[in-house]
Amino acid sequence: MGIMDDAKETAEAVGEKISRAWEDTTDRIGDKVDEAKADADVKKAEAERDSVKARNDIKEDLRDN
């Protein structure tokens with residue numbers, strides 16, 4: 001029975017390691033997705049800022065003339 005017990009423990013350990021590796025991988029993928037969303041939000045905010053600045057500059061030029 002010792003060999004069977006060792007094989008069972010080994011199989012369980014391998015299963016746990018695979019499970020942890022899968023969880024780590026899904027966490028990393030989720031982190032990358034969150035990072036990409038944050039980068040997109042920043043780019044959107046920067047574009048909006050630039051648009052507002054350009055609009056305000058045009059308004060200011062019109063006021064000066």
Side-chain angles (χ1 to χ4, degrees):
M1 290 297 266
I3 293 174
M4 291 299 288
D5 290 336
D6 289 344
K8 182 179 176 183
E9 286 178 19
T10 301
E12 288 174 358
V14 168
E16 287 178 26
K17 186 168 182 141
I18 290 171
S19 177
R20 277 183 270 149
W22 177 255
E23 289 173 7
D24 289 346
T25 300
T26 56
D27 286 345
R28 285 187 184 108
I29 291 169
D31 292 345
K32 289 293 183 182
V33 168
D34 291 343
E35 185 178 336
K37 286 180 182 178
D39 286 343
D41 290 344
V42 167
K43 287 180 182 180
K44 180 181 176 185
E46 288 173 343
E48 185 175 343
R49 177 201 62 204
D50 293 345
S51 173
V52 169
K53 183 180 180 329
R55 191 172 351 132
N56 289 342
D57 288 346
I58 291 170
K59 287 180 182 178
E60 191 63 35
D61 286 344
L62 291 173
R63 287 185 197 118
D64 290 343
N65 291 331

Looking at NZ of K59 and CG of D61, how far apart are the two atoms once the value is rounded to the nearest 0.5 Å?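 Nearest 0.5 Å value for the NZ-CG distance: 12.5 Å.
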
Report, one line per pair, each donor and acceptor closer than 3.5 Å where one atom sits in a side chain of residues 19-36; sequence neighbours left out.
from: R20; atom 1: NE; to: E16; atom 2: O; distance (Å): 3.4
from: T25; atom 1: OG1; to: A21; atom 2: O; distance (Å): 2.9
from: T26; atom 1: OG1; to: W22; atom 2: O; distance (Å): 3.2
from: T26; atom 1: OG1; to: E23; atom 2: O; distance (Å): 2.9

Show every donor-acceptor pair shorter than 3.5 Å between a side-chain atom in residues 38-56 and any protein atom, with sequence neighbours excluded, or say none if there are none.
from: K53; atom 1: NZ; to: D57; atom 2: OD2; distance (Å): 3.1
from: N56; atom 1: ND2; to: V52; atom 2: O; distance (Å): 3.4

